[in-house]
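These numbers were taken from a predicted model, which means no experiment stands behind them. Atom set for the values below is all heavy atoms of this structure, side chains included, hydrogens, waters and symmetry mates excluded. Letters A, B, ... mirror the listed sequences (proteins, then strands); counts begin at 1.
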There are 2 protein chains.
Amino acid sequence: MSGKPEPGDEKLDLAARAGWLYYVGGETQEVIAATLGVSRPVAQRLIALAVSKSLIKFRLDHPIAACMELAKRLTDRFELSFCEIVPGDPTQPEARVSVAVSAATWLEHYVSQTAPLVLALGTGRTLRTAVAQVRPLSRPQHKVISRVGNMARDGSASAFDVVMRLADGIGSKRYPMPTPVVADSEEERALFQTQRSFRLLFELAAQAKATFVGIGEIGWNAPLHSDGFITDQELAELSERGAVGEITGWAFDEGGRILDGSVNARVVSLPITQPSDGLVIAVGNGPGKVVPIRAALRGRLISGLITDDLTAQAVLDS
Amino acid sequence: MSGKPEPGDEKLDLAARAGWLYYVGGETQEVIAATLGVSRPVAQRLIALAVSKSLIKFRLDHPIAACMELAKRLTDRFELSFCEIVPGDPTQPEARVSVAVSAATWLEHYVSQTAPLVLALGTGRTLRTAVAQVRPLSRPQHKVISRVGNMARDGSASAFDVVMRLADGIGSKRYPMPTPVVADSEEERALFQTQRSFRLLFELAAQAKATFVGIGEIGWNAPLHSDGFITDQELAELSERGAVGEITGWAFDEGGRILDGSVNARVVSLPITQPSDGLVIAVGNGPGKVVPIRAALRGRLISGLITDDLTAQAVLDS
DNA sequence: AGATCAAATGAAGAATTGCTCAATCGCGTT
DNA sequence: AACGCGATTGAGCAATTCTTCATTTGATCT
């Protein structure tokens, strides 16, 4: 019998119904309330819930001229293989949603293929938001790997483990990197790198059809730092040596050159300088990302980019 | 693109932007208008355009999605006032639980109202399971009536008397029909129908806010038969005359037409052709119910339906 | 059982959105 | 250049949606 109506589930079902009727069916909230047998305010709350829980997803199928223009210029200037620019919000240039939705669309593009493939992921808040948007599918033939460790200095696993979330959603095999982002010493790094699981990751990464990475700034509000992957001291040192951005922990300067030594000598992540023949797509937007993105583009650290028009414009204005 | 600014294209671009900002970005139309440099009404028109041209697409990622779709199609096709489709279990297409839980929810919906109301019930295993799920409440102001007799041919009261169970649970007044489902003769039926209690039921049924009925197949494993409400001979006769289903004892053919004469001439139940202005909701699922449900829908015998997605799909595939 | 607290609810009002309609604009025609 | 016609526009209003808040409900702990 199992007649136990789960508390959260039932509500989400209702929310899904409400969302469907509202957005797909175009019904008014009053009608929906009557249909579902609830009051009008409750119907409105259910719809809001459906949106906030991403039960309902919005997608845009239209190449927007200005964005395409920017994409073309970026592609030409920096020899990109892939570039997607979405409309940003001038009043909230930090808003992650738009870029995340676009990234999700492209993640889905790869995920939905039936031929087995390897997807590599970095870290980042936008990436995490994007992964949460990917429609659940059954793709056990795929492999989702991490190019970067998922443990903070204190030994805790990262809350932003995109690999796990994505693999959960699509039922793929998961290959996280159970190490810190930055080792305590070069010796420790060497130790990690000799482990079988690490070498496996190394080999899989070379086969990756696509690699999605976040792109981080170097500064006191850098996620890398505030999430506890690197210490205050390390941050200061990087900054002093000219680092302006990082990808999967690898710090680089304005010219997109990976710094020698310093913290980089202890970064455990897979080397970005040796990617696969697949795409390496950076995902991110916002004023703080302009400099890192420009640097990464100059240094040819990435072959693809997903950002918004404001960031793209700023990157081009150099 | 910097090509030629096509007249329609430019507008669609703007519409896409507006739609994106509205649905993905969650901006207000006023903000969007300012961002795009147009007036508020124009922004609203652009958003509407984006939706109507499917530049923006809505997608529901939830098991309920397919069910909603089916419900909509059934509602449209058969002019239903109410339709609820729940996810069924393909490995156990006969499983009654899901549908029963849903029916219980809707029973509760009516029961929990404080204004006095009349609920009418038919028979059926699913209905019985549903009634057992209704949360006990104190609603002495309600009336629960039966549209159908509760006595088998041998004079014993039915084990599935849903009216008693429901009324017990909610402390309402109960109005069972203390007759057989099928009388021995037309004269006997006439006798029953002149009784005061029967006439009272008749009047109450017209006031019923909602009527929940099971829907039965006509066949050797039909509950109507195996529970002893009709004899082997009667069953054979019905089958021969084209009956494919029954509701509260009234047998109907593929087109949902109530059969003339035969067993129907002795059915004591309240006529389904004269319901109230309230809903008449059929509850049931399983492969055997597909044909009866389709017939009942065709004949407009019911104005509401609760079933599972498998059954609903089969009903639509006609 | 009784008390306490958090969650959920609906009423009411504020904000937003959708729509009508008169005015305007663009554009081809005379 | 003037005219006419249809498309487009924004003002204003009605309908809908969102938010706040007081209240109730249900659950938990003593």
Side-chain angles (χ1 to χ4, degrees), chain A residues 3-56 58 89 91-92 95 97, chain B residues 4-56 58 60 104-106 108-115 117 133-142 169-171:
Chain A
K4 186 182 297 183
E6 305 239 344
D9 257 17
E10 198 170 338
K11 187 143 129 193
L12 284 184
D13 282 0
L14 218 55
R17 279 202 179 76
W20 169 276
L21 292 168
Y22 190 66
Y23 289 109
V24 181
E27 302 282 3
T28 182
Q29 293 184 352
E30 189 143 22
V31 172
I32 295 168
T35 307
L36 265 41
V38 298
S39 75
R40 189 157 14 100
V42 169
Q44 125 72 2
R45 283 170 188 130
L46 286 173
I47 293 165
L49 181 69
V51 173
S52 73
K53 295 271 180 190
S54 286
L55 269 38
I56 283 280
F58 309 105
D89 182 351
T91 65
Q92 300 175 36
V97 217
Chain B
K4 64 188 76 169
E6 307 232 346
D9 258 15
E10 199 169 339
K11 185 142 132 194
L12 285 184
D13 285 355
L14 217 55
R17 260 172 204 282
W20 178 275
L21 291 169
Y22 189 67
Y23 289 109
V24 181
E27 299 288 0
T28 181
Q29 293 183 351
E30 190 140 24
V31 172
I32 295 168
T35 306
L36 300 180
V38 297
S39 75
R40 187 161 8 104
V42 168
Q44 122 75 1
R45 282 171 189 130
L46 286 173
I47 293 165
L49 181 69
V51 173
S52 72
K53 296 271 181 189
S54 287
L55 270 36
I56 285 282
F58 308 104
L60 180 61
T105 305
W106 286 100
E108 278 185 12
H109 167 69
Y110 287 105
V111 163
S112 62
Q113 307 197 354
T114 48
L117 57 82
Q133 302 253 346
V134 172
R135 184 165 43 125
L137 267 173
S138 181
R139 287 290 183 274
Q141 63 269 52
H142 296 339
I170 62 174

Rounded off to whole Å, could you give me the [atom1]-to-[atom2] distance for the [X] and [N] pair?
X       : N      : atom1 : atom2 : value
A:Leu36 : C:dT9  : CG    : P     : 13 Å
A:Arg45 : D:dT19 : CZ    : P     : 10 Å
A:Tyr22 : C:dG18 : OH    : P     : 7 Å
B:Leu46 : D:dA7  : CG    : P     : 18 Å
A:Glu30 : D:dC18 : CD    : C1'   : 14 Å
A:Ile32 : D:dA15 : CD1   : P     : 19 Å
A:Glu27 : D:dT16 : CD    : P     : 12 Å
B:Arg40 : D:dA14 : CZ    : C1'   : 14 Å

May I ask you to evaluate whether [X] reaches the phosphate of [N], defined as a side-chain N or O under 4.0 Å from OP1 or OP2?
X       : N      : answer
B:Gln29 : C:dA15 : no
B:Thr28 : C:dT17 : yes
A:Ser39 : C:dG10 : yes
B:Gln44 : C:dT17 : no

Does any part of the side chain of B:Leu36, heavy atoms only, come nearer than 4.5 Å to the side chain of B:Val42, both counted from C-beta?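 No, side chains not in contact.
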
Apply ring pair (Phe, Tyr, Trp, His ring centres under 6.0 Å) to A:Phe58 and A:Tyr23, showing your working. CA-CA 10 Å; A:Phe58 309 105; A:Tyr23 289 109; 5.2 Å; yes

Would you give the length of the straight line joining atom CD of A:Gln29 to atom OG1 of A:Thr35, rounded to the nearest 0.5 angstrom?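 With rounding to 0.5 Å, CD (A:Gln29) is 12.5 Å from OG1 (A:Thr35).
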
Under 3.5 Å: donor-acceptor pair, side chain of B:Arg139, backbone of B:Val111: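 At least one qualifying donor-acceptor pair exists.
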
